[in-house]
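Numbers restart at 1 for each chain; the letters A, B, ... are given by sequence-line order, proteins then strands.
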Amino acid sequence: MSEEKSLNFIEEIVENDLNSGKYETLVTRFPPEPNGYLHIGHAKAICLNFGLTQKYGGYTNLRFDDTNPVTEKTEYVNSQQEDIRWLGFNWKNELYASDYFDELYGFAVKLIEKGLAYVDESSADEIAALKGTPTEPGQDSPYRNRSIEENLAIFTKMKNGEFPDGAYILRAKIDMASPNMLMRDPIIYRIKHAGHHRTGNKWCIYPMYDFAHGQSDSIEHITHSICTLEYVSHRELYDWFIEKLEIFPSKQYEFARLNLTSTVMSKRKLLQLVNENLVNGWDDPRMPTISGLRRRGFTPKSIREFCERIGIAKRENLIELSLLEFCIREDLNKTANRVMAVLDPIKLVITNYEKGTEDLIGENNPEAENGGGTRVIPFSNELWIEREDFMEVPAKKWFRLAPGAMVRLKFAYIVKCEDFVKDENGNVTEIRCTYIPESKSGSDTSGINVKGTIHWVSAQHAKTAEIRLYDRLFTSETPDAEEGDFKDYLNPESLTVLPQAYIEPALADANLESRYQFIRKGYFCLDKDSTADNLVFNRTVTLKDTFKKPN
RNA sequence: UGUCCGAUAGUAUAAGGGUAGUACAACGGUUUUUGGUACCGUUUGUCUUGGUUCGAAUCCAGGUCGGACAACCA
């Protein structure tokens, strides 16, 4: 179908199945368990499943895999839906494994009637003891040969709530000596007297993952059930149930999950960060969750592009965070308006500027397709500039301000540093410059060329804002692989708050959808914590910086 | 001492018996009123040993290394 771009192995399978006429319509599903927030790893699976049906036709279902009532919540259902929509995908049907509880119960009865399932009253420990190990076969349970009638009778009582949790379980009767541990009479139903987020108290027995997932796929006529590599050994069981139940033969395919440097991706660990207040909630901008990335300022497009670039394969991988950063910079470079903000201010006074104030014109975004337009920027003789743009003793190849040096003020004039003021502690408190009147941006007749251009904000016109700078969450690229607790490798400098930065007046009407490039400082967006008097900006990502800082 | 999955530049991903390519990263250069962008260039690779073949990253066999599997989790 597409000749230019090579296909990943799943696309090849799909194309073959479609071309051979094995299936007329491609049907995939995204099946999260509603027990946490979706993260960038889920985004990979979402882009794969929805991307496949966008490319080849057919449709994708959203199915919540809600077979364990004690971990699942409606809050998570809602957040997961929001995140998928935000990424730009639409599901055909919103479904729940719990929709199939009646049908699944029927499947279990059918298996019992075929002599392929039995009720076991062994304890969890007893079952584990007879399970064997990966290198030794297991042994049959003493209850394995109960009659079909007795199995049926007890299973009915299990369903009717006549037993406490753990008293009985239903097992598939397969092979206790199988080299695949999952085939050693896996548990398929357990008793749990727990309220379910959708079915309430209707049920007190719940199917296990292996007895719900494949059957749910089959009920929905999913043609390609795509999951991650850790389910490879489940495939044999997946196929076994479908064969014995004689239902629609969905097929499972596995790809390697995403791993990203300097973060963790397991739900357990993310939940820990949230519960122990090591981050500020699931949508903390340092989190690899979709909601965290959204709040950080990532765009859906950048995440889709990232998922496209990392590819789909079967080998374990560890993607460098720099690729994600590349994807968001690439998008924002084209779309974000350029504005000026001074994060760490120092005063600059222009001693020969007599005009008081003046309105200058700034280009919003020279990289935008439509040119970006312009805006008014007020200028005056007292400005804030970035402290790091002045060096009392300039380093080699220093393009910025230093005694006697000239720089251009972006969109404005060229200035020359004549003097500077220090306080009693030796800290520079003010820089004094003269400006070149004929060097005005756009009508420069001075003939002077300077190497450096710096950003600034007029002191009397500036607004203030709180700025939050983010860095990687962990100091280790592989916090999962380090010895000890992964939390020992949290980066203490992952969040830096600048309570009072100066921003140009045009920024006062920023909204939560706006994306900005603060010239020379990075890409920023408004945070939801903002109020009318206290604007808060998040730094999404810095600009690429090839300047090697002196000292 | 098992079964299954995998192995191509630093990181990913192509090449499906016939020139090892692409992206990110790194490094260098040109342009630039952002040390940004854009453009150009450089460095770095087929786990290993055999076999089949005129020819192997690709097919076969052995080895090595990495991962998964013993939750009434998904």
Chemist: Figure out the CZ/P separation between A:F255 and B:U13, and round it to whole Å.
Modeler: 12 Å
Chemist: Nearest-Å distance, CZ (A:F547) to C1' (B:U32)?
Modeler: 17 Å
Chemist: Do A:R235 and A:E254 sit within salt-bridge range, that is, some charged N less than 4.0 Å from a carboxylate O?
Modeler: yes
Chemist: Nearest whole Å is fine: how far is B:A14 P from A:E11 CD?
Modeler: 10 Å
Chemist: Mind calculating the distance between CZ (A:R257) and C1' (B:C5) to the nearest angstrom?
Modeler: 15 Å
Chemist: As a test of reading the structure: which of B:C5, B:G35, B:U13 is closest to the side chain of A:D545, going by heavy atoms?
Modeler: B:G35
Chemist: A:N365 CG to B:A38 P: how many Å, rounded?
Modeler: 12 Å
Chemist: Expressed in angstrom and rounded to an integer, what is the separation of A:L318 atom CG from B:A12 atom C1'?
Modeler: 10 Å
Chemist: Please write out the pairs of protein N or O atoms and N or O atoms of nucleotides 42-48 of chain B separated by less than 3.5 Å, giving the distance to one decimal.
Modeler:
none

Chemist: CG of A:L321 versus C1' of B:C24: gap in Å, rounded?
Modeler: 12 Å
Chemist: Which whole-number value in Å describes the distance from A:L323 CG to B:C24 C1'?
Modeler: 5 Å
Chemist: Do you know which of A:D239, A:N180, A:D210 makes side-chain contact (heavy atoms from CB on, under 4.5 Å) with A:H234?
Modeler: A:D210
Chemist: State plainly whether the residues A:D17 and A:K251 are in salt-bridge range, i.e. N to O under 4.0 Å.
Modeler: no
Chemist: Using a cut-off of strictly less than 4.0 Å between a heavy atom of the residue and any atom of RNA chain B, enumerate the qualifying residues of residues 327-343 of chain A by number.
Modeler: A:N333, A:R338
Chemist: Would you say A:R520 reaches B:G35's phosphate, i.e. side-chain N/O to OP1/OP2 under 4.0 Å?
Modeler: yes
Chemist: Please determine, for the side chain of A:E367, which listed nucleotide (B:G36, B:G35, B:U34) has the closest atom?
Modeler: B:G36
Chemist: Please say whether the positively charged group of A:R146, taken as NZ for Lys or CZ for Arg, lies over the ring of A:Y118, i.e. under 6.0 angstrom from the six-membered ring centre and within 45 degrees of the axis.
Modeler: no
Chemist: Could you encode protein contacts along nucleotides 65-74 of chain B as a string, one character per nucleotide from 5' to 3', using B for base contact, S for sugar-phosphate-only contact and - for no contact, with a heavy-atom cut-off of under 4.0 Å?
Modeler: --SSSB-BSB
Chemist: Got a list of protein N/O to nucleotides 27-29 of chain B N/O distances below 3.5 Å?
Modeler:
none

Chemist: Return each pair, listed once, that meets side-chain hydrogen bond (donor to acceptor under 3.5 Å, both in side chains) where at least one residue sits in residues 310-327 of chain A; pairs must be two or more places apart or across chains.
Modeler: none
Chemist: For A:T542, does its backbone N or O pair with a side-chain atom of A:R329 as donor and acceptor, under 3.5 Å?
Modeler: yes
Chemist: Can a cation-pi geometry be assigned to A:K159 and A:Y105, taking NZ or CZ under 6.0 Å from the six-membered ring centre and within 45° of the ring axis?
Modeler: yes
Chemist: Around atom NZ of A:K416, are there more than 12 heavy atoms of other residues, nucleotides or ligands at under 6.0 Å?
Modeler: no
Chemist: Using Watson-Crick and G-U wobble pairs with both distances under 3.5 Å, what is the 5'-to-3' dot-bracket string of RNA chain B, with [ ] for crossing pairs and | for pairs outside the strand?
Modeler: .((((((..((((....[..)))).(((((.......)))))....(((((..]....))))))))))).....
Chemist: Any donor-acceptor pair under 3.5 Å linking the side-chain atoms of A:Y96 with those of A:D65?
Modeler: no
